[in-house]
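This report concerns only the one structure given below.
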Amino acid sequence: MSIEKLLLKSEYTKQDLVELLGSNGADRQRLFEYASSIKESTVGKKVYFRGLIEYSNVCSKDCYYCGIRGGNKNIDRYTVSRQEVLDAVKFAWENKYASIVLQAGERSGDRFIQEISQLLSDIRELTGGNLGITLSLGEQSRETLKEWFDLGATRYLLRIEVSNPELYQKLHPNNLHHDYGQRVQQLRVLKEIGYQVGTGVMIGLPFQNPEDLADDLLFFKRNDIDMVGMGPYVEHQDTPLYALKDQLISKHERFELSLKMVALLRIICPDINIAATTAMQTLDPQGREKAIMVGSNVIMPNLTPVKYRDGYKLYEDKPCLDEEASECMNCLDARLHMAGAEVAYGEKGDSLHFWKRKGIV
Ligand code: SAH
Ligand code: SF4
């Protein structure tokens, strides 16, 4: 089928998505232009900043792809102090970022839960409850998630990693602590509690094929997701998956596939928030700007104190390890302008899809 006919179909089948993911040359360009036009007519040119605080690299899980997995003995573990978190929050607030993301390895236990609850209360006090807060702290009990929601966290990011259960099994230890069904169930719980629900996948993993990626896109649509953060898989030498590095598609191909995934997602879920992820910037210095041009509308500048950054290497070659938050902000603003976007300072930038699903807009 011609690219025009394909793009204008009212609904894409899995086969259509596989075909579009394989587009090259002028067809690829047309896909990007079309996605860009859909973006402009639904969510517009605005890009929202979420200040990212990588709160701790302590993790109780052992995902085979991740550099901070509990089993990696080659890193020093850290947790950002309460005051440092609040300083980063203050920076975000004063610079009109309007939202932050608090991310960490997955932990349970009362102490950790209380720490987060305390931080949420402190942030509320500091910002009068006017700062958008996203949590990305892995799987938690319903009670914990409800407690954090009641303390002002309104968004939660929990990537499904891959939507194919068999592939999920290959990428994680085979035990109840790493269970695909449980992960999917968490998304339902988050929705029931009232969170704006974010998920996502990695792109270019070993054993992953275009059909899997097409299924990932259909998963987001079927599950009525409000926000997505997805990006290329990048290997890390202290992980089990590193042994398969020779079987990977090239970094360039992983980047290209990720860009097409963003474009297609914008077309099939036009009103959601889509992040231009750091992993995209890792594989291409202009990766985030390119993602913004084809569909993304959220960027997460890193506000983690520089001394901890080296400790939060989920994958190799993570950028901006030594850049202070203020430097990051100035260069990003200029770069986004060049990419034709406007930074929406002072606007929380909730997911439009979320408000529509609530029947409010
Ligand atoms: N512990 C939480 C949040 C931190 S990890 C959780 O797992 O949900 C955040 C994300 O980093 C993961 O969801 C995963 O998609 C991504 N990630 C981990 N290792 C990666 C790698 N090697 N390449 C690319 N992304 C990776
Ligand atoms: Fe831990 Fe998240 Fe890394 Fe898995 S992906 S090992 S849960 S930090």
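The residues Glu211 and Lys14 are annotated as not salt-bridged, no charged nitrogen and carboxylate oxygen being separated by less than 4.0 angstrom. Note on Lys307 versus Glu84: salt bridge recorded, some NZ/NE/NH1/NH2 to OD/OE distance being below 4.0 Å.
Aromatic pair Phe354/Tyr195: centroids not less than 6.0 angstrom apart.
Take Arg155 and apply the side chain to side chain donor-acceptor pair (under 3.5 Å) test, not counting sequence neighbours, and it matches Ser99, Asp350.
By the 6.0 Å and 45° rule, Lys146 does not stack over the aromatic ring of Phe149.
Contact of the Gln186 side chain with the Tyr156 side chain is not registered, since no non-hydrogen atoms from C-beta on lie closer than 4.5 Å. Side chains of Tyr55 and Leu119 form a contact here, defined as non-hydrogen atoms less than 4.5 Å apart. Looking at Asn74 and Gln237, their side chains never come closer than 4.5 Å, going by heavy atoms from C-beta outward. Proximity of Met230 to Val262: side-chain heavy atoms (C-beta onward) are separated by under 4.5 Å at one or more points. Contact annotation: the side chain of Glu19 never approaches that of Tyr12 to less than 4.5 Å [non-hydrogen atoms, C-beta and beyond]. Asp215 has its side chain out of reach of Asn164: every pair of non-hydrogen atoms, C-beta onward, lies at least 4.5 Å apart. Taking 4.5 Å as the limit, some side-chain heavy atom of Phe255 sits within range of a side-chain heavy atom of Met280. The shortest distance between side-chain heavy atoms of Asp238 and Lys73 does not fall below 4.5 Å.
Judged by distance alone, the side chain of Gln286 and the main-chain N or O of Arg335 form no donor-acceptor pair under 3.5 Å.
Classified by interplanar angle (parallel below 30°, tilted 30° to 60°, perpendicular above 60°), the ring pair His172/Tyr65 is perpendicular.
Judged by distance alone, the side chains of Tyr312 and Gln103 do bring a donor and an acceptor atom under 3.5 Å apart. Between Arg188 and Gln185, the side chains place a donor N or O and an acceptor N or O closer than 3.5 Å (distance only, hydrogens not considered). Under 3.5 Å, the side chains of Asp16 and Thr13 contain a donor-acceptor pair of N or O atoms. Using modelled atom types, one finds a donor on one side chain and an acceptor on the other under 3.5 Å when comparing Ser163 with Asp216. Counted by atom type alone, Tyr308 and Asn57 present zero donor-acceptor pairs between their side chains at under 3.5 Å.
Within the structure, salt bridge (Lys or Arg N to Asp or Glu O under 4.0 Å) pairs that include any residue of residues 42-58 comprise Glu40-Lys45, Lys46-Glu347, Glu54-Lys318 (at least two apart or interchain).
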